[in-house]
Every structure is written in C-alpha cells, then in structure tokens.
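So the structure is just underneath, and the comments pick up after that.
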Number of protein chains: 2
Amino acid sequence: MNSLGKSIAKPVQLDAVSKAIIEQLQTDGRRSYAEIGKAVGLSEAAVRQRVQKLTESGVMQVVAVTDPMQLGFYRQAMIGVRVSGDTTLVAEALGALDAVDYVVLTAGSFDILAEVVCENDDDLIDLLNKQIRAIEGVQSTETFVYLKLFKQLYNWGTR
Amino acid sequence: MNSLGKSIAKPVQLDAVSKAIIEQLQTDGRRSYAEIGKAVGLSEAAVRQRVQKLTESGVMQVVAVTDPMQLGFYRQAMIGVRVSGDTTLVAEALGALDAVDYVVLTAGSFDILAEVVCENDDDLIDLLNKQIRAIEGVQSTETFVYLKLFKQLYNWGTR
DNA sequence: AGTGAAACGACCGTAGA
DNA sequence: TCTACGGTCGTTTCACT
C-alpha cells in the first residue's frame, strides 16, 4: 500500500547507509552489490539484503526510464482539466490514453493534472480535441506546453 | 544531448526486440541480461550490447525511484508560478530547493510548473511563503494539492 | 544485522559468422 | 548485429557472530 490518499504507512526511517545505497542506485540502477558495498562500507551480502528490504517494503524500486525526446516525442505538455461530475472516471479515461504519462487528481482550480507526450503540435491538437475533450465529464482544459525542463527527480506513488 | 529545447536529435527507431528489452527493464531494472535474453529470444551478449547502446545513446537509463509517501512526505503539490522578468533565473532558484523535485518552463498562464514534496501542510505553507514566494521575480503562485495519483510513467529529459 | 567461504550464475572481452 | 566461449567477477546460500 502506498500512493497518495491510501492507507498512511508510518515513514521508514532510513539510516545514512541506506540513503547512500539508494543514492548509488539513483546514479546507476545496475551497479553491482559488491561495488555499492565498497562505496558505502558494507559487505556485498549486507547491501543485497538492504536493497531487497527497500524494494519489498516499497520504499524504492529500480526501473528503466526513457527519454521521450530521443524517441521522437518532441512536444510535451501539462493539461489542467476541469471536470463536471466524477473526477475519478475522467482520471481513469485519461490514464487509458497512450499519450498520457501522468494523471493526478488535484484540489485547486483544476480537478486533474495530466502530462502528455506527443510527436508534434498536430498530434497535441488532435489529442486535445479528439481524445481528451471527448471524454464524458471534461468541462474545460488548459494546456501548458513545456519549453524547457530544469529539474527532475524520480518519485513514484502508483504501483 | 537531449532535454526539452536542446538540439533536436533524430528519433531512434526501436525495433520490437529493443522495445521488449526496455519493457523488461521497466518491470525490473535489475533483471539479468541472460533472463531478459530468454524472454526476448536473444543471447545474453546481444542483450547486453543493446542495453549498452540504449543507455549510451541516452534513450534509456536504469535508476532507482523512491516513494515519497513511504519516506514520510505525505503532501505533494504542483505549483503554478507566474514570473516577472527572467523565468530561467526563477526556475534555477526553484530547482535549488530540496522540496522541489520537478521544474519546467511552460507556455501558458503559468511561466513555470514546479512539483513539490512536503511532510505535511505546515511544511507546504512554509515552503510557499518563506521559500518560493521569496524568490526574486516570483509574481504569484497557484497551488494544486495532490489528492490521488492515477498513472505515472517514467520519462526523463534532464540528465 | 552483519561477515566469510564455496558453488553457482552472470558478465565481459574477444573471435568469428 | 548476432552467437559462442572462457576468464573473471558478482550472486547466492549457509554456517556463524
């Protein structure tokens, strides 16, 4: 159990060594346990045990991350969505779209924020008009086209 | 070179096998090359070569991702920021804050979108009043508190 | 939780199709 | 770009602290 709004787990208190291990894996998720052990001052077996615990408890996961630009998706945007009716249904419908890589229910002047990845502006227009605005309950959208990414750390909440 | 707005690389055309390899690593970034090879029908060495190419070319990277909720950060939000003056300077200042995990320059009614991670509402209030609104050039902010995360795929653009 | 040792499996470089 | 193969290094299990 994790993810926003679900049963609140008590925070795992990480010591400096576990933090160092996570840092190592944030730099390179395929670094060997032995190598990490050298860096953090622990035996290979101990590192492996800690990584297993961190993974099984849901504190951390090691995954592949792709660069949309390199794959030809030159246009990214955040879409603010205002919904009439059940926001959950709209969020699910948005999440079902391939071009949508991020969906979160929010409190504020938008009910949902959705990040989208498109090849070009034409695709973005089509996505908005033919797919997103066609979803039952979508009242209005506001688009924030990405110009330049400055910082990105990897967190996760769904699983 | 990658990242939004930087020199546009021609998209790498991935065949079905490379896509399958990435899919394997998206499920578990520490899966062995041999195991991936069995799954996609390739030798261990061939998988290794492809993963190396994908990584070196910047199409993919394998990294650790952490769950803010499990670490005691119960409050996440997206902050829309309106700036007077140079948006770049403000984006850098925002990126320098620990609580900020995502900063992107946008076109639209916000100049910057920044995602923040806090332990609780009091921290979020302090972050807004004492840190974000104190940045030179920040004209106004609008906060979208996260209620529930529905979908999250991992892309990256900075490096 | 941690170490150390031995068996096993993964990884890496190189050769060759 | 792939397979094949051998040397090296990492991982796993287990007994022990």
Side-chain angles (χ1 to χ4, degrees), chain A residues 1-2 9-73 154 156 159, chain B residues 1-2 9-73 154 156 159:
Chain A
M1 211 83 336
N2 64 0
K10 51 177 176 289
V12 181
Q13 218 12 77
L14 300 182
D15 63 10
V17 177
S18 286
K19 282 181 188 164
I21 291 173
I22 292 174
E23 221 166 281
Q24 292 283 319
L25 290 170
Q26 280 172 335
T27 306
D28 177 5
R30 290 194 72 84
R31 194 161 287 176
S32 76
Y33 297 130
E35 200 178 343
I36 295 169
K38 270 179 230 162
V40 307
L42 224 61
S43 73
E44 177 276 327
V47 173
R48 188 157 34 83
Q49 276 171 201
R50 278 175 183 250
V51 170
Q52 195 177 340
K53 262 200 166 176
L54 289 168
T55 306
E56 283 175 357
S57 67
V59 171
M60 184 198 79
Q61 66 179 162
V62 176
V63 292
V65 170
T66 52
D67 181 352
M69 293 289 280
Q70 291 276 347
L71 296 172
F73 297 99
Y154 301 108
W156 102 95
R159 219 180 331 181
Chain B
M1 213 79 340
N2 64 1
K10 52 176 175 289
V12 180
Q13 218 13 76
L14 300 182
D15 62 11
V17 177
S18 286
K19 282 181 188 164
I21 291 173
I22 293 174
E23 220 166 281
Q24 292 283 320
L25 289 171
Q26 280 172 334
T27 306
D28 177 4
R30 290 195 72 84
R31 195 161 287 177
S32 76
Y33 297 132
E35 200 178 344
I36 295 168
K38 270 179 231 161
V40 306
L42 224 62
S43 72
E44 176 273 327
V47 172
R48 187 159 33 88
Q49 283 166 25
R50 278 176 182 248
V51 170
Q52 194 178 340
K53 261 202 165 176
L54 289 168
T55 306
E56 282 174 358
S57 68
V59 171
M60 185 197 78
Q61 66 179 163
V62 176
V63 291
V65 170
T66 51
D67 181 353
M69 293 289 280
Q70 292 274 347
L71 296 171
F73 297 99
Y154 300 109
W156 102 94
R159 219 184 327 186

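Here is how names work: the chains are called A, B, and so on, in the same order as the sequence lines, proteins then strands, and each is numbered from 1. Predicted, not measured: the structure shown is a model, and the values here were computed from it.
Salt bridge present: A:Arg48 and A:Glu44 bring a charged side-chain N and a carboxylate O closer than 4.0 Å.
A cation-pi arrangement is not found for B:Arg50 relative to B:Tyr33, the charged atom failing to lie both closer than 6.0 Å to the ring centre and inside a 45° cone about the ring normal.
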Between protein and nucleotides 11-14 of chain D, what N or O pairs are separated by less than 3.5 Å?
{"residue": "D:dT11", "atom": "OP1", "partner": "A:Tyr33", "partner atom": "N", "Å": "3.4"}
{"residue": "D:dT11", "atom": "OP2", "partner": "A:Tyr33", "partner atom": "N", "Å": "3.0"}
{"residue": "D:dT11", "atom": "OP2", "partner": "A:Ala34", "partner atom": "N", "Å": "3.3"}
{"residue": "D:dT12", "atom": "OP2", "partner": "A:Arg48", "partner atom": "NE", "Å": "3.3"}

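Although no hydrogens or angles enter the test, the distance criterion places a donor-acceptor pair under 3.5 Å between the side chain of B:Ser57 and the main chain of B:Leu54.
Across the protein-nucleic acid pair, B:Arg50 atom CZ and D:dT1 atom C1' stand 8 Å apart, rounded to whole Å. Going from atom CG of B:Asp28 over to atom P of C:dA10 covers 14 Å, rounded to whole Å. Atom CG in A:Asp15 sits roughly 10 Å away from atom P in C:dA1 (whole-Å rounding). Rounded to a whole Å, the CG atom of B:Leu42 is 9 Å from the C1' atom of D:dT3.
Partner A:Ile22 forms a side-chain contact (heavy atoms from CB on, under 4.5 Å) with one of A:Lys19, A:Gln24, A:Gln26 and no other, that one being A:Gln26.
To the nearest 0.5 Å, atom CD1 of residue B:Ile21 and atom NZ of residue B:Lys53 are 12.0 Å apart. One finds the OG1 atom of A:Thr66 at 12.0 Å from the OH atom of B:Tyr154 (value rounded to the nearest 0.5 Å).
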